[in-house]
Undergrad: 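The structure that follows is given in the form of structure tokens.
Below, read A as the first sequence line, B as the second, and so on, with proteins coming before strands; counting in each chain starts at 1.
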Amino acid sequence: MTNRIKEFRIRQELTQEDLAKKVNVRRETIVFLEKNKYNPSLRLAYDLAKVFEVSIEELFSFEDEK
Amino acid sequence: MKNIIALVIVLFLVALTVLLWLGKESLGAEELISLGVILAIVGFAVFILIRRIKSWKAGEPQEDELSKKVMLRTSSLSYYVSLYFWVFLLWLKDRVAFEQEELLGTGILGMAVIFALSWVYFHFRGVPND
């Protein structure tokens with residue numbers, strides 16, 4: 001799974017700290033998310049999509065891992 | 001805040017126990033090694049404590065879904081590795097003269113070190129979903 005969190009965050013002129021506070025996680029979690037080293041829970045994905053005012057599908061891309 | 005207080009209490013108890021132990025015996029080479037390992041573990045706990053205090057001051061949660069997952073994976077891996085560590089110690093016991101207290105002490109300290117290393121591994125590697 002890949003995501004566009006960094007792109008949307010920069011577009012909204014948010015720092016990692018700002019975004020972390022908005023979705024109530026630690027800054028490190030945002031760092032790992034942006035590096036695609038961690039897949040968030042559905043709840044966190046929903047919160048992130050809400051902050052950026054986009055759909056979850058726009059924010060995250062799923063690739064078949066076969 | 002509860003987590004910070006709990007960690008401070010644990011650190012205080014460990015420091016107190018080490019001080020009592022140091023006051024009782026003169027230190028040989030084995031004791032010095034044990035003391036070094038204990039200090040390394042205390043250093044790790046202090047590092048966790050500082051992280052939590054920083055998060056608390058910054059208004060971030062001290063734990064979130066990633067840190068909980070890291071802790072879960074750490075517990076799982078360290079338990080698994082510790083089993084092999086104890087098997088190794090029991091194998092070693094038949095070949096090297098060990099006192100029972102030394103064996104237990106080595107086992108407990110070894111488990112703490114395995115836990116700390118597992119945490120460092122998952123903390124820096126991340127927890128990719130399977």
Side-chain angles (χ1 to χ4, degrees), chain A, chain B residues 1-11 40-81 114-130:
Chain A
M1 190 168 84
T2 55
N3 68 68
R4 297 165 65 198
I5 292 172
K6 191 173 183 179
E7 181 192 327
F8 281 111
R9 178 176 65 75
I10 291 169
R11 206 182 284 176
Q12 295 209 3
E13 295 178 350
L14 289 170
T15 63
Q16 289 177 330
E17 285 92 342
D18 296 334
L19 181 57
K21 278 182 188 166
K22 278 180 187 280
V23 294
N24 198 34
V25 294
R26 298 168 61 85
R27 193 186 66 85
E28 286 163 4
T29 304
I30 303 296
V31 173
F32 277 100
L33 281 169
E34 287 186 354
K35 286 181 181 170
N36 289 309
K37 280 187 167 182
Y38 173 61
N39 292 345
S41 65
L42 188 57
R43 177 62 199 255
L44 180 54
Y46 175 79
D47 287 345
L48 286 163
K50 208 172 162 188
V51 167
F52 296 132
E53 296 174 333
V54 293
S55 65
I56 290 179
E57 287 85 353
E58 276 180 87
L59 198 54
F60 297 95
S61 318
F62 296 90
E63 288 153 21
D64 250 348
E65 289 172 11
K66 284 180 183 174
Chain B
M1 191 63 187
K2 271 185 201 169
N3 288 341
I4 293 175
I5 294 170
L7 202 52
V8 168
I9 291 170
V10 170
L11 274 173
I41 292 163
V42 169
F44 173 70
V46 169
F47 169 69
I48 298 280
L49 182 67
I50 291 169
R51 265 169 50 92
R52 285 188 174 170
I53 290 172
K54 272 186 183 171
S55 300
W56 177 57
K57 279 187 176 172
E60 285 178 357
Q62 289 163 42
E63 280 189 326
D64 65 1
E65 60 175 62
L66 177 60
S67 64
K68 281 178 186 165
K69 260 189 180 174
V70 166
M71 202 49 93
L72 194 71
R73 291 280 179 100
T74 299
S75 309
S76 160
L77 179 69
S78 61
Y79 174 73
Y80 186 67
V81 176
I114 289 166
F115 184 86
L117 291 177
S118 304
W119 185 87
V120 168
Y121 173 70
F122 282 117
H123 178 72
F124 290 105
R125 176 180 170 261
V127 185
N129 282 12
D130 299 323

Undergrad: Would you mind telling me which of B:Arg51, B:Glu63, B:Arg125 has the largest number of heavy-atom pairs within less than 4.5 Å of chain A?
TA: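 Top count of heavy-atom pairs under 4.5 Å with chain A: B:Arg51.
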Undergrad: List the atom of A:Arg26, the atom of B:Pro61, and the distance in Å for their closest heavy-atom pair.
TA: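 Residues A:Arg26 and B:Pro61, closest heavy atoms: CG-O, 3.3 Å.
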Undergrad: Given 3.5 Å as the limit, does a donor-acceptor pair link the side chain of A:Lys21 with the main chain of B:Ala58, or not?
TA: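 Yes.
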Undergrad: By number, which residues in residues 41-48 of chain A have some heavy atom less than 4.5 Å away from chain B?
TA: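 Checking residues 41-48 of chain A against chain B gives A:Ser41, A:Leu44.
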Undergrad: Once side chain to side chain donor-acceptor pair (under 3.5 Å) is applied, do any residues pair with B:Tyr80, and if so which ones, sequence neighbours excluded?
TA: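 Residues passing side chain to side chain donor-acceptor pair (under 3.5 Å) with B:Tyr80: none at all.
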Undergrad: Work out which heavy atom in B:Leu66 is nearest to a heavy atom in A:Glu28; give both atom names and the distance.
TA: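 Heavy atoms of B:Leu66 and A:Glu28 come nearest at CD2-O, 4.3 Å.
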Undergrad: Might you point out which heavy atoms bring B:Val127 and A:Tyr38 nearest each other, and give the distance in Å?
TA: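 Closest approach of B:Val127 to A:Tyr38: O-CD1, 3.4 Å.
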Undergrad: Under a 4.5 Å cutoff for heavy-atom pairs, which residue among A:Asn36, A:Val31, A:Asn24, A:Leu33 has the most contacts with chain B?
TA: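 Of A:Asn36, A:Val31, A:Asn24, A:Leu33, A:Asn24 has the most heavy-atom pairs under 4.5 Å with chain B.
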